[in-house]
Number of protein chains: 2
Amino acid sequence: MARPKEFDPEIAVDQAMEVFWRKGYAATTPQDLVDALGIGKGSLYNAFGSKQALFLRALRRYRDSQTEALIEVLEQPGPVKQRLRGALTALAEMDLADPDHRGCLAVNTTAERAGVDQEAAEVLRRMLDRTEEAFQALAAEGQRAGEIDPGRDPAALGSMLMNTVVGMRLVARIAQGPDRLTRVIDATVDSL
Amino acid sequence: MARPKEFDPEIAVDQAMEVFWRKGYAATTPQDLVDALGIGKGSLYNAFGSKQALFLRALRRYRDSQTEALIEVLEQPGPVKQRLRGALTALAEMDLADPDHRGCLAVNTTAERAGVDQEAAEVLRRMLDRTEEAFQALAAEGQRAGEIDPGRDPAALGSMLMNTVVGMRLVARIAQGPDRLTRVIDATVDSL
DNA sequence: CCAGTTCTTTAACTCAAGGTACAGAATTTC
DNA sequence: GAAATTCTGTACCTTGAGTTAAAGAACTGG
């Protein structure tokens, strides 16, 4: 056909994701990307078209990997409440341990880009949907197992837990210690 | 002493707040501010020093007015759960009714600036504190009134409700209808 | 009404964002 | 091996961000 690429676009998207995650969309310059990916500007624009297009690919990648990871954690064996607490605690610890305090790319993007980038908003909406579904399934399982009051609406519980995660990942960006998030987790698990 | 300002700096801060709120920090240019405030660039920089300094003033203003408003709503008479539902519903309706879907300036700023602007982070932390306190007071009142299980930790409940609000205001930015937020509110109120 | 001060206006300056153009290099197909 | 295609690297371009400078205007105290 023609000359093959000297870099792997999939790896490049991963690297771009890291940059966007750390700096945000607007604060990331083409030069930042070129530096991080180790390729020339020509290759960058030839391969991805625009900063925004590359960002969208990175965001989709992020969404898929994160959603998958969450579902996996929630599907581990054991009592439902324990699994929920484990998942929330793992998230909190991850965010607090990150030296850059980047939080969640999806959350950050919702705040920075949802108003102006409809495609990004769509990606994010889909992520909220999937997260809600995962928590709803967990809640329903808890009800079947007798751990959660069967009179409650599992869909509402799913939305609530999704919302809790969103809040926590934002709060984690300015939290100075684990206390605030620990209280959130405690009260949330006790609410079921 | 000297020539008086031809504009009111307090009003200017309010107008700047609107611009930052709608566009975000990075996407707001000095020109945007000059246009919105109706003053010259010279006056702008003479009065406020820098874009960042003006932003901080606007953010503090936002925090104070919002925190005050929330406390006021929560202190209305009536059953605690009803007041909580009323406050959450009012927030959701406000955010959804906003044609620009700007969400909450504080939430947006946490995502966009907390990592790089320590002063802003401090302002935001203070806002979380105050919000937590307000909800904690509400929870304690609910316990005294017999509406809420006295065995639960009011501080944890305060943190949870604060976190719920943060999450909701973020989710509101991409919500397409009231359903998701309504479910969050229902499940949250039912959790007490 | 002059001095001293603080405001406004206009112009300018530097730097970089975000992207394009183009020449040349690498590959496959025939 | 030439043609066709696609990649890479460098250079370049336009626009505007964020700020500063300079000169004059408006005000108060004496």
Side-chain angles (χ1 to χ4, degrees), chain A residues 1-59 105 108-109 112-113 115-120, chain B residues 1-59 105 108-109 112-113 115-120:
Chain A
M1 296 283 191
R3 178 175 177 174
K5 279 193 174 59
E6 290 179 8
F7 65 97
D8 182 338
E10 298 307 311
I11 294 177
V13 170
D14 271 340
Q15 294 169 321
M17 186 183 85
E18 291 292 327
V19 181
F20 284 126
W21 196 354
R22 182 156 34 80
K23 309 195 64 167
Y25 179 82
T28 296
T29 72
Q31 191 56 48
D32 291 331
L33 293 168
V34 160
D35 291 346
L37 308 207
I39 63 178
K41 245 189 222 180
S43 305
L44 207 241
Y45 277 86
N46 172 60
F48 301 109
S50 71
K51 178 180 157 182
Q52 199 233 21
L54 174 55
F55 178 74
L56 269 175
R57 285 189 60 166
L59 183 63
L105 212 215
N108 300 347
T109 301
E112 190 188 351
R113 301 285 303 166
V116 292
D117 186 338
Q118 285 312 305
E119 289 185 275
Chain B
M1 285 289 199
R3 176 173 179 174
K5 280 194 172 59
E6 291 179 6
F7 65 97
D8 182 337
E10 299 306 313
I11 294 177
V13 170
D14 272 339
Q15 294 168 319
M17 187 183 86
E18 291 291 327
V19 181
F20 284 126
W21 196 353
R22 182 155 35 79
K23 310 195 64 169
Y25 179 82
T28 296
T29 71
Q31 192 57 47
D32 291 331
L33 293 167
V34 159
D35 292 346
L37 309 205
I39 64 179
K41 253 188 214 177
S43 305
L44 204 242
Y45 276 86
N46 172 60
F48 301 108
S50 71
K51 177 182 158 183
Q52 199 234 17
L54 175 55
F55 178 73
L56 269 175
R57 286 189 61 166
L59 183 63
L105 212 213
N108 300 345
T109 302
E112 189 187 353
R113 299 286 301 166
V116 292
D117 186 336
Q118 284 312 304
E119 288 186 275

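Chain letters run A, B, ... following the sequence lines, proteins first, then strands; residues in each count from 1. Predicted model only: the values in this text are computed from it and were never measured.
Spacing between atom CD1 of Ile39(B) and atom P of dT9(C) amounts to 9 Å, rounded to whole angstrom units. The CG-P distance, from Leu44(A) to dC7(D), rounds to 13 Å in whole Å. For the pair Asn46(A) CG and dC22(C) P, the interatomic distance rounds to 16 Å; values are reported in whole Å. Rounded to whole angstrom, the span from the CG atom of Leu33(B) across to the P atom of dG18(D) amounts to 9 Å.
Geometrically, Lys51(A) engages Tyr25(A) in a cation-pi contact defined by less than 6.0 Å to the ring centre and at most 45° from the axis.
Note on Phe7(A): only backbone sugar-phosphate atoms sit closer than 4.0 angstrom, heavy atoms only; bases stay farther off.
Near DNA chain D, meaning a heavy atom under 4.0 Å away, there are no residues from residues 16-24 of chain A.
Contact check for Met17(A) versus Val13(A): no side-chain heavy atoms found under the 4.5 Å cut-off.
Listed by first and then second residue, the side-chain hydrogen bond (donor to acceptor under 3.5 Å, both in side chains) pairs involving residues 26-40 of chain A are Lys23(A)-Asp32(A), Thr29(A)-Asp32(A), Gln31(A)-Asp35(A) (not counting sequence neighbours).
Within the structure, every side-chain polar atom (N or O) of Ser43(B) is placed at least 4.0 Å from both OP1 and OP2 of dC7(C).
The minimum heavy-atom distance between Ala36(A) and Val19(A), with the atom names listed, is CB-CG2, 3.4 Å. Pairing each heavy atom of Ala120(B) with each of Thr109(B), the nearest pair is CB-CG2, 4.4 Å. Across Phe20(A) and Ala58(A), no two heavy atoms sit closer than the pair CD1-CB, 4.3 Å.
Counting only distance, with no hydrogens or angles, the side chain of Glu112(B) and the backbone of Ala26(B) share a donor-acceptor pair below 3.5 Å.
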When you compare the protein's N or O atoms with those of nucleotides 11-20 of chain C, which come within less than 3.5 Å of each other, and at what distance?
from    : atom 1 : to       : atom 2 : distance (Å)
dG18(C) : OP1    : Lys51(A) : NZ     : 3.2
dG18(C) : OP2    : Thr28(A) : O      : 3.3
dG18(C) : OP2    : Lys51(A) : NZ     : 3.1
dG19(C) : OP2    : Tyr45(A) : OH     : 2.8
dG19(C) : OP2    : Lys51(A) : N      : 3.4
dG19(C) : O6     : Lys41(A) : NZ     : 2.9

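Between Phe7(A) and Phe48(A), the angle of the ring planes lies from 30° to 60°, which puts this pair in the tilted group.
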